[in-house]
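All values reported here derive from a predicted model rather than from experimental measurement.
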Amino acid sequence: MFLGLGIVGILLPVLPTTPLLLLASFFFVKGSERFEVWFKGTSIYKKHLEGFLKERAMTLKQKITLNLFADAMIAIAFFTVDILAVRLILLVIVIYKYYYFAAKIKTVKQTQRG
């Protein structure tokens with residue numbers, strides 16, 4: 001269901017594609033032990049998620065990269081939608097996102113990650 005909605009979200013800028021696809025992958029991993037083992041063995045998982053899930057920490061470079069990508073996606077929605085309420089909600093999301101990354105996720109040096 002979430003995968004289908006995520007795919008539809010690619011075509012409709014109002015529907016949030018990324019969160020829906022993340023939910024689809026979350027439930028897929030929970031439903032398939034074989035997929036979970038494979039996914040946790042990939043370099044993408046090891047490089048970007050493993051450290052965060054174990055330590056709730058990211059490097060400054062990871063934080064900046066992730067935030068810039070998220071800002072680009074939110075900007076597309078912000079400039080595509082001409083509804084003031086939606087634009088205000090998007091601004092609140094951006095502000096909260098920066099607060100969360102600054103206050104809740106520890107920043108570690110690249111050498112601590114290995």
Side-chain angles (χ1 to χ4, degrees):
M1 178 175 85
F2 291 117
L3 178 61
L5 287 172
I7 291 170
V8 171
I10 293 170
L11 304 173
L12 300 174
V14 181
L15 199 59
T17 304
T18 305
L20 291 169
L21 293 177
L22 286 172
L23 273 172
S25 64
F26 169 78
F27 286 116
F28 190 68
V29 165
K30 291 295 181 188
S32 171
E33 190 175 323
R34 187 171 141 199
F35 181 76
E36 181 181 9
V37 169
W38 169 81
F39 182 66
K40 287 183 176 181
T42 64
S43 62
I44 292 172
Y45 175 83
K46 290 179 186 286
K47 182 177 179 183
H48 298 287
L49 293 173
E50 188 174 52
F52 174 73
L53 293 174
K54 287 181 180 177
E55 308 164 17
R56 281 204 61 84
M58 300 174 104
T59 66
L60 183 59
K61 182 179 177 183
Q62 287 174 319
K63 285 183 174 185
I64 290 170
T65 303
L66 189 58
N67 274 301
L68 289 177
F69 179 74
D71 287 343
M73 297 297 106
I74 292 170
I76 291 170
F78 184 87
F79 292 113
T80 304
V81 176
D82 196 25
I83 302 169
L84 181 61
V86 173
R87 286 184 169 184
L88 290 174
I89 290 169
L90 290 172
L91 287 175
V92 169
I93 289 170
V94 168
I95 291 167
Y96 180 76
K97 177 177 62 75
Y98 278 101
Y99 158 75
Y100 187 83
F101 272 79
K104 302 289 185 182
I105 300 174
K106 185 172 75 170
T107 304
V108 294
K109 295 184 183 208
Q110 185 70 33
T111 55
Q112 289 178 321
R113 274 292 157 89

Closest non-hydrogen atoms of Lys63 and Thr107, given as atom of the first, atom of the second and distance, are NZ-OG1, 2.5 Å
Sorted by chain and number, sequence neighbours left out, side-chain contact (heavy atoms from CB on, under 4.5 Å) with Tyr96 holds for Tyr99, Tyr100
For Lys109 and Thr59, which I'm curious about, is there any donor-acceptor pair between the side chains at under 3.5 Å? no
Gap separating the CG atom of Asn67 from the CD1 atom of Ile74, nearest 0.5 angstrom: 9.0 Å
Under the side-chain contact (heavy atoms from CB on, under 4.5 Å) test, residues paired with Phe78 that sit two or more places apart: Arg87, Leu90, Leu91
Partners passing side-chain contact (heavy atoms from CB on, under 4.5 Å) against Phe27 (at least two apart in sequence or in another chain): Phe2, Leu23
Give a yes or no on whether the backbone of Glu55 and the side-chain of Lys106 come within a donor-acceptor separation of less than 3.5 Å. no
For Thr65, check side-chain contact (heavy atoms from CB on, under 4.5 Å) against everything at least two apart and list the hits. Lys61
Name all pairs fulfilling the salt bridge (charged side-chain N to carboxylate O under 4.0 Å, His left out) condition that reach into residues 71-83, sequence neighbours left out, sorted by first residue then second. Asp71-Lys97
Is it the case that one hydrophobic cluster holds both Ile83 and Val94, taking links as side-chain heavy atoms less than 4.5 Å apart, direct or via other members? yes
Student check: side-chain heavy atoms of Met58 and Val108 closer than 4.5 Å: no
Joining Ile, Leu, Val, Met, Phe, Trp and Tyr whenever any side-chain heavy atoms lie under 4.5 Å apart, the cluster holding Leu68 also takes in Leu60, Ile64
